[in-house]
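Some notes on the structure that comes next.
Order of appearance sets the numbers: ligands from 1, and atoms from 1 within every ligand. Residue numbers run from 1 in the order of the sequence given.
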Amino acid sequence: MLREIVKYPDPVLERPGEPVTEFDEELAKLVDDMFESMYAAKGIGLAAPQIGLSKRLTVIDLSFKEKQEDRIVLINPEIISREGKQYEEEGCLSVPEIREKVSRAAKVRVRAQDLKGKWFEMEGEELLARAFQHEIDHLDGILFFRRVSALKRDLILRKIRKMQRAGEW
Ligand code: NI
């Protein structure tokens, strides 16, 4: 089932998510819905707060292929190590049409639970490392434009307000 993707300034986007505690059929269905909604929106990552659910859950598929092995599901994830730096452009389905360069670690190691509640670790570099950091930020209520300079953030917020006034947001 397609879920509606909420946009900034919906308050759910800036609130830390609650840990997932039930690893049941309902959770599996929610994850399927999240992949479906992410593909429909042409995204490579989607976090539960983006469909209005304040939960620590995110899905990622960098290859945008609907192949099971490319799908990453992170439940209650945390970053356990960071290395290096990268500075690349990011966008977000909840902040459409806005792109800005964000400074991130080049390589991160993540610890998370799978759909059955089992803990696992995964490493990501470059784009995957950025997706991990961007999506886990969502679970902490942090949107990517909170991580740019005050000057750039003001420009972004002004652009959003302008689109809101024009009825384009
Ligand atoms: Ni995002």
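Met38 and Leu2 fall into different hydrophobic clusters, where Ile, Leu, Val, Met, Phe, Trp and Tyr are joined by side-chain heavy atoms under 4.5 Å apart, directly or via other members.
Across all their heavy atoms, Trp169 and Tyr8 have their closest contact at NE1-O, 2.6 Å. Smallest separation of non-hydrogen atoms from Met163 and Pro96: CE-O, 4.3 Å.
Judged as a salt bridge (charged side-chain N to carboxylate O under 4.0 Å, His left out), and not counting sequence neighbours, the contacts of Lys29 are Asp33.
The number of heavy atoms from other shown groups lying within 6.0 Å of CD (Glu168) is above 12.
The closest donor-acceptor contact from the side chain of Asp61 to the backbone of Ser63 lies under 3.5 Å.
By the criterion of a separation under 2.8 Å, the protein N/O/S atoms near the Ni ion (ligand 1) amount to Cys92 SG, His134 NE2, His138 NE2.
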